[in-house]
Number of protein chains: 2
Amino acid sequence: MSTPRYATIKEALRSQISQGILSPGDRVSSENQLAAEFSVSRMTARRALLELAEDGVVLRSQGLGSFVADNRPISSITQIRDIAEEIAQRGHQHSCHVLQQIETSADSTNALQLGLKPGERLFYSEIVHMEDGVPIQHETRRVNPRMAPDYLAQDFATNTPSAYLSAVAPLTEAEQSVEATLADADNAATLGTEKNSACLKITRRTFSERGVVSLAVLIHPGDRYRLGSHINY
Amino acid sequence: MSTPRYATIKEALRSQISQGILSPGDRVSSENQLAAEFSVSRMTARRALLELAEDGVVLRSQGLGSFVADNRPISSITQIRDIAEEIAQRGHQHSCHVLQQIETSADSTNALQLGLKPGERLFYSEIVHMEDGVPIQHETRRVNPRMAPDYLAQDFATNTPSAYLSAVAPLTEAEQSVEATLADADNAATLGTEKNSACLKITRRTFSERGVVSLAVLIHPGDRYRLGSHINY
DNA sequence: AAGTGGTCTAGACCACTTG
DNA sequence: AAGTGGTCTAGACCACTTG
């Protein structure tokens with residue numbers, strides 16, 4: 001399976017931007033020009049530009065052309081931080097229990113989310129993170145083996161899954177949702193809370209350049225954890 | 001300028017989903033089927049499905065088909081949006097009950113947070129927001145009278161507090177925290193949920209150029225609301 | 001008038017999943 | 001074998017912006 005042509009065009013433009021050949025505000029080649037340069041149909045060149053626009057790399061305007069966008073600053077709110085780092089920054093002690101670290105197979109839902117085939121193998125880990133000895137996060141994570149083949153050999157007591165994955169498959173994108181749930185018996189036992197107490201559940205899908213890296217579900221006791229953000233306009 | 005055909009197809013599918021004709025997990029018509037049904041080329045039907053997938057409305061899988069995604073509302077953590085707008089954008093109907101809209105005085109905590117002196121007057125409102133008649137947010141808000149002197153004269157049934165405040169004191173900054181709590185008897189009654197069900201609680205302080213504008217506490221039923229974000233690096 | 005992006009067609013071949 | 005989505009072509013007409 002070779003790289004699609006629209007992807008080649010995207011890559012070429014991205015690299016021109018990161019090398020400074022194209023700067024924010026510069027006009028990039030038009031659909032017709034790209035079609036000619038890369039010997040593809042206009043629809044294929046168009047797709048490359050459309051996807052770059054979706055990713056916020058270019059801005060497009062009918063009649064005018066496509067232009068390199070400003071490099072968006074990363075807002076501190078949305079930053080994904082390693083929990084061990086976060087705890088260390090508060091001046092507290094991080095520790096954890098690795099409950100599971102195994103190979104298993106993808107059910108149809110996990111397969112869809114991770115970009116695997118149903119039944120294909122995946123790595124699974126389950127860890128409880130503690131701050132000064134008090135459990136604050138129950139992490140369950142499903143990992144795409146193609147992105148991190150040595151996942152099962154890691155010692156997560158010294159280096160968290162998040163830290164390890166960031167090193168082997170640098171984060172390019174993340175999708176997350178936050179919801180409130182009740183602790184089931186399992187959550188209650190691992191987190192040392194009451195059953196049916198309020199929990200904050202974060203579901204996070206992380207992407208690297210080559211695709212989906214992992215799918216993490218993070219459960220926090222509602223009375224010991226909050227998410228904060230500061231937004232500037 | 002007429003509506004593009006792919007937009008018509010998207011709208012038709014969205015409406016089937018919101019009417020319950022299609023439920024999460026259901027398979028939607030294939031590209032070829034939609035092309036035939038709507039008398040368009042496959043590329044046009046395809047575009048409709050692709051955009052719905054981008055919006056998180058459907059999940060697509062080669063060889064399998066396209067499936068309706070989990071349709072629980074997901075709203076952005078990183079952006080503060082008026083709930084009425086948010087609901088309208090999902091194609092649903094917003095309505096609300098104004099429970100209270102009064103002048104009261106600041107206790108020491110509120111005073112500190114709003115930059116007032118203890119005992120100084122402040123405005124207080126309490127509203128339940130509904131999406132298609134179903135309660136999804138219980139909003140309690142304390143407002144700095146200096147920033148919005150006419151707050152008590154507003155009709156929040158037609159213009160939400162958030163929309164009104166944005167107009168009179170444009171948002172320059174916001175601080176928020178997200179946590180999980182259990183519904184108390186009052187929450188349960190106003191939101192129509194069980195007591196001790198999981199709730200998402202957002203505490204938000206908004207700032208304008210001249211200082212703190214308001215302090216809002218937003219309670220959402222955990223099973224009807226999610227927060228989401230998409231991060232690009 | 002010439003160029004840009006926006007929409008659309010009617011085909012094609014492919015990889016993938018299921019019966 | 002039949003159906004699905006993924007990629008791609010070579011055209012077309014359109015609305016929009018600029019010289």
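So that the names make sense, note that chain A is the first sequence line, chain B the second, and so on, each numbered from 1.
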(request) Can you sort out the partners of K10(B) under salt bridge (Lys or Arg N to Asp or Glu O under 4.0 Å), two or more places apart, ordered by chain and number? (result) E51(B), D55(B)
(request) Between S61(A) and A7(A), just flag the one whose closest nucleotide in DNA chain D comes earlier from the 5' side. (result) A7(A)
(request) For R205(A), check salt bridge (Lys or Arg N to Asp or Glu O under 4.0 Å) against everything at least two apart and list the hits. (result) E175(A)
(message) Below the 4.0 Å mark, does dG6(D) have OP1 or OP2 next to a side-chain nitrogen or oxygen of R60(B)?
(response) yes
(request) Report the residues that fulfil salt bridge (Lys or Arg N to Asp or Glu O under 4.0 Å) with R27(A), sequence neighbours left out, ordered by chain and then residue number. (result) none
(request) Mind jotting down which residue pairs meet the salt bridge (charged side-chain N to carboxylate O under 4.0 Å, His left out) criterion with at least one end in residues 29-41 of chain B? Sequence neighbours excluded, please. (result) E31(B)-R42(B), E31(B)-R46(B), E31(B)-R60(B)
Please enumerate all protein N or O atoms sitting under 3.5 Å from an N or O of nucleotides 9-13 of chain D, with distances to 0.1 Å.
from    : atom 1 : to     : atom 2 : distance (Å)
dT9(D)  : OP1    : R5(A)  : NH1    : 2.9
dT9(D)  : OP2    : S41(A) : N      : 2.7
dT9(D)  : OP2    : S41(A) : OG     : 2.9
dT9(D)  : OP2    : T44(A) : OG1    : 2.7
dA12(D) : N6     : R42(A) : NH1    : 3.2

(request) Any pair with a residue in residues 28-54 of chain A that passes ring-ring contact (aromatic ring centres under 6.0 Å, His included), sequence neighbours left out, goes on the list, sorted by first then second residue, please. (result) none
(request) Output all residues satisfying side chain to side chain donor-acceptor pair (under 3.5 Å) with Q19(A), sequence neighbours left out; order by chain, then residue number. (result) S15(A)
(request) Decide whether T3(B) and T8(B) meet the rule of one side-chain donor and one side-chain acceptor closer than 3.5 Å. (result) no
(request) Under the salt bridge (Lys or Arg N to Asp or Glu O under 4.0 Å) rule, collect the residues that match up with E11(B), sequence neighbours excluded. (result) none
(request) Mind checking which stems touch DNA chain D? I mean at least 3 consecutive Watson-Crick or G-U pairs, both distances under 3.5 Å. (result) C:3-16 with D:3-16
(request) Consider the side chain of Q62(B), meaning its heavy atoms from C-beta on, and name the nucleotide among dC8(C), dG5(D), dT18(D) that approaches it most closely. (result) dG5(D)
